[in-house]
> 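Here you go, one structure.
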Protein chains: 2
Amino acid sequence: PRSVEYRNGVVYMINQRLLPREFKIEKFRAVEGVAEAIKNMTVRGAPAIGAAAAFGLALYAETSKAETKEEFLDGFYKAYETLKNTRPTAVNLFWALNRIKNLVEEHREDSLDEIRRLIVQEAQKIADEDVEANLRMGHYGAEVLPEGNVLTHCNAGSLATVHLGTVGAVVRVMHKDGTLKLLWLDETRPVLQGARLSAWEYSYDGLNVKLIADNAAAFVMQQGLVDAIIVGADRIVANGDFANKIGTYMLAVLAREHGIPFFTVAPLSTIDMNLKSGKEIPIEERSPEEVLTCGGCRIAPDVPVYNPAFDVTPHKYLTGIITDRGIVWPPFKRNLKKLFSSL
Amino acid sequence: PRSVEYRNGVVYMINQRLLPREFKIEKFRAVEGVAEAIKNMTVRGAPAIGAAAAFGLALYAETSKAETKEEFLDGFYKAYETLKNTRPTAVNLFWALNRIKNLVEEHREDSLDEIRRLIVQEAQKIADEDVEANLRMGHYGAEVLPEGNVLTHCNAGSLATVHLGTVGAVVRVMHKDGTLKLLWLDETRPVLQGARLSAWEYSYDGLNVKLIADNAAAFVMQQGLVDAIIVGADRIVANGDFANKIGTYMLAVLAREHGIPFFTVAPLSTIDMNLKSGKEIPIEERSPEEVLTCGGCRIAPDVPVYNPAFDVTPHKYLTGIITDRGIVWPPFKRNLKKLFSSL
């Protein structure tokens, strides 16, 4: 099933907090519930967050009891703000919300029923386009990645998107083509998206995976056991710098040290051409509890903690960006600009 | 208290598997129990393992019911083998066992009672010397480390040695001197020696600590928040390459990338001049359970795991080696040789 769906006034999400212990689909009938689910990582992964937020607006559109257009739009902007103030780093959230807001503003003169219909339709379109984009990225990525062992961090699989994944699409196409020998999975502390989610979804699909502590990644590279590294992205900016799950920057430095190609893969909706450099990306700091506990067990005494959820990888470490419109190679600033002006 | 002690036929160890949840001192009255405690990491840390093994032989010496010297020596060699076949990477284990074996062989002609007495005395000497060596290393280290924020990995504190620690001595002297602003602690998956042991012992002693997921180390370096990195060692070889807890090699590469001084600190008993390069150091692979669980909680589905307990850092990443006989600077091969021929 898709990680997030919408039907008749209900947003459905696979609860990613419970995996792999329990597979449960949560139902949300109010915008506040959807916002809370984005915040507490019931749904996570930049593209999945974007679709979830869009469905939050669809939910509002179909269930709002507003009788006048003015009343409806008041509520719409409130829902928009509620959904926007959930997580700061991934740009797909803002991209999806703004895409619907802009549509509403273009159709301000239409009937209230028509506006409701357009919002729901646009949200479904955002989700459907994500799945199509993933399939395209899968094929582009499988073409440029070398045959052999691939290492990935966090989860940019089916669960991180509406379906299939960004990294997930690439490694699934490689698996089908027979070019993926082994998929190394970083467990990805503190929230363990690698151990919990990637291990679950990729082994379910029959890929040959091997799980490691994040600390072992440098060692397996040193042993010559990694032919390529591929990670997702929460926000890519105009010069090619990108934010992704904490630990990504470490892998990028190590990849260069070992001469290993290092790719990020993301749809255009993850690219924020409004920011010039990665230094401008806001980095979310999450609760100390995520570090003081692990998988529900308390692991440390009550000491001060620093828990940045993301880091920024400077573009100089990046071999290429796999997008749904093909591969972007260095120099990234010029080539990203070219890509966007060609649309 | 000391992490490991011996009195009248009993080896005492702080149970490091239970910390920080529970502080418990275990008692061992048989060599097999001591060997099992080394294997299962009730006691861990290269110098503490060395002392624990020496005390295992002391325990044998005082409690063996052998009536003839021949019978005693048979049992002695069995105890020696049992203790030796526990963990492969840290050299202090073999160093301590061989020191006692050599002494026994030198005194083969002495009376059985005298041999028993010599073994116990030598084991106590090994433990006492470790504490003195740590104090010396603390002062040498505090002299060369820059004032500011220090990052460490795993636990090379009081618990990893008989008392005080290697890294532990350095940061404690710095703390006393007022030159340690902040001590960053990597949690150190999979066994969490940083989160469980370092966080516990350093915060207990009033040091200003901050705990991070291992994935965040590169990010804090990138932010300019680390002035020096200091780690322990399980085995240093003749060219300066050294084995230490998995994740150390990653930190070494990142330190060089960020221009941060990177030191290891260890007593001479950790230096193995019989091996020419780090490639010859045997790396222990431990149970998948350590990665599939965390602090007692199951975190991942049942997938294949790779769990190397140590990695090897090539000497080119090392700024200097802090020993109990002063600092060894590059070129390490020449200067280590000089140090050992001066003894």
Side-chain angles (χ1 to χ4, degrees), chain A residues 20-21 153 184-190 192 194-196 199-200 202-204 208-220 222 225 245-254 256-257 283 288 290-308 310-312, chain B residues 20-21 153 184-190 192 194-196 199-200 202-204 208-220 222 225 245-254 256-257 283 288 290-308 310-312:
Chain A
R21 265 173 272 198
H153 192 67
W184 290 105
L185 302 175
D186 277 359
E187 66 175 4
T188 318
R189 274 282 287 158
L192 297 164
R196 297 189 301 110
W200 182 75
Y202 296 133
S203 64
Y204 183 88
N208 184 22
V209 302
K210 204 163 256 190
L211 180 65
I212 52 173
D214 303 305
N215 278 323
F219 183 67
V220 298
Q222 191 188 40
L225 301 173
K245 182 53 55 199
I246 188 77
T248 300
Y249 168 58
M250 162 189 95
L251 291 176
V253 171
L254 291 164
R256 203 176 60 163
E257 187 76 7
I283 296 295
E290 290 184 353
V291 176
L292 295 172
T293 63
C294 185
C297 278
R298 176 84 186 195
I299 55 167
D302 195 21
V303 295
V305 165
Y306 181 47
N307 183 22
F310 302 93
D311 58 27
V312 172
Chain B
R21 265 173 272 198
H153 192 66
W184 290 104
L185 302 175
D186 277 358
E187 66 174 5
T188 318
R189 274 284 286 160
L192 298 164
R196 296 190 299 113
W200 181 76
Y202 296 133
S203 64
Y204 184 88
N208 183 21
V209 303
K210 203 164 258 192
L211 180 65
I212 51 173
D214 304 305
N215 279 323
F219 183 67
V220 299
Q222 191 189 39
L225 300 173
K245 182 52 56 201
I246 189 78
T248 301
Y249 168 57
M250 164 187 93
L251 291 175
V253 171
L254 291 165
R256 203 177 58 163
E257 187 76 8
I283 296 295
E290 290 184 355
V291 176
L292 294 173
T293 62
C294 185
C297 278
R298 176 85 186 195
I299 56 167
D302 194 20
V303 293
V305 164
Y306 181 48
N307 183 22
F310 303 92
D311 59 26
V312 173

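In what follows, chains carry the letters A, B, and so on, assigned in the order in which the sequence lines appear, proteins first and then strands, with residues in each chain numbered from 1. Quick caveat, the model's predicted, so the values are computed rather than measured.
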> Would you please classify the geometry between the B:Y306 ring and the A:F219 ring as parallel, tilted or perpendicular, with 30° and 60° separating the classes?
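Judged by the thresholds at 30° and 60°, the geometry between A:F219 and B:Y306 is parallel.
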> Nearest 0.5 Å, please: how far is CG in A:D302 from OG in B:S203?
9.0 Å
> Side chain from CB out, backbone as N, CA, C, O: work out which of these in B:R256 comes under 4.5 Å of a heavy atom of chain A, or both, or neither.
side chain
> Heavy atoms only, distances under 4.5 angstrom: which of B:G295, B:C297, B:A300 has the most pairs with chain A? Name it, please.
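The answer is B:C297.
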> Look at A:A213, A:P288, A:P190, A:G194 and state which one has the largest set of heavy-atom pairs under 4.5 Å with chain B.
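Among A:A213, A:P288, A:P190, A:G194, the one with the most close pairs to chain B is A:A213.
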> Atom CZ in A:R189, atom OG1 in B:T188: separation rounded to 0.5 Å?
11.0 Å
> Where on A:F310 is there a heavy atom nearer than 4.5 Å to chain B: the side chain, the backbone, both, or neither?
backbone
> Please classify the contact between B:Y204 and chain A as side chain, backbone, both or neither, with a heavy-atom cut-off of under 4.5 Å.
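For B:Y204, no heavy atom lies under 4.5 Å from chain A.
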> Could you go through the side chain to side chain contact (heavy atoms under 4.5 Å, CB included) check for A:L292 and B:L211 one step at a time?
CA-CA 9 Å; A:L292 295 172; B:L211 180 65; 4.1 Å; yes
> When rounded to the nearest 0.5 angstrom, what distance separates CD in B:Q222 from CG in A:D311?
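The distance works out to 7.0 Å.
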> So which atom in A:V253 and which in B:E257 form the shortest heavy-atom distance, rounded to 0.1 Å?
CG1-CG, 3.8 Å
> Tell me, out of A:T248, A:I212, A:N307, who's got the most heavy-atom pairs with chain B below 4.5 Å.
A:I212
> Is B:I283 close to chain A through its backbone or its side chain, or both, or neither, when contacts mean heavy atoms under 4.5 Å?
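Interface part for B:I283: side chain.
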> List the steps and the verdict of side chain to side chain contact (heavy atoms under 4.5 Å, CB included) for A:D214 and B:M250.
CA-CA 10 Å; A:D214 303 305; B:M250 164 187 93; over 6 Å; no
> Given that the side chain runs from C-beta out, which part of A:R298 has a heavy atom under 4.5 Å from chain B: side chain, backbone, both or neither?
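Only the backbone of A:R298 comes within 4.5 Å of chain B.
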> Which atoms of B:P20 are under 4.5 Å from chain A, going by heavy atoms: the side chain, the backbone, both sets, or neither?
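Only the side chain of B:P20 comes within 4.5 Å of chain A.
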> Side chain from CB out, backbone as N, CA, C, O: work out which of these in A:P304 comes under 4.5 Å of a heavy atom of chain B, or both, or neither.
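Both parts, backbone and side chain.
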> State, yes or no, whether a side-chain contact exists between B:V305 and A:K210 at a heavy-atom distance under 4.5 Å.
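Side chain of B:V305 against side chain of A:K210, heavy atoms only: no contact under 4.5 Å found.
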> Out of curiosity, B:N215 CG to A:K245 NZ, how far, rounded to the nearest 0.5 Å?
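Between B:N215 CG and A:K245 NZ, I get 9.5 Å after rounding to 0.5 Å.
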> Looking at every heavy atom in both A:I299 and B:R196, which two are closest together, and how far apart are they?
O-CG, 3.2 Å
> Can you tell which part of A:V303 gets under 4.5 Å to a heavy atom of chain B, answering side chain, backbone, both or neither?
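Side chain only.
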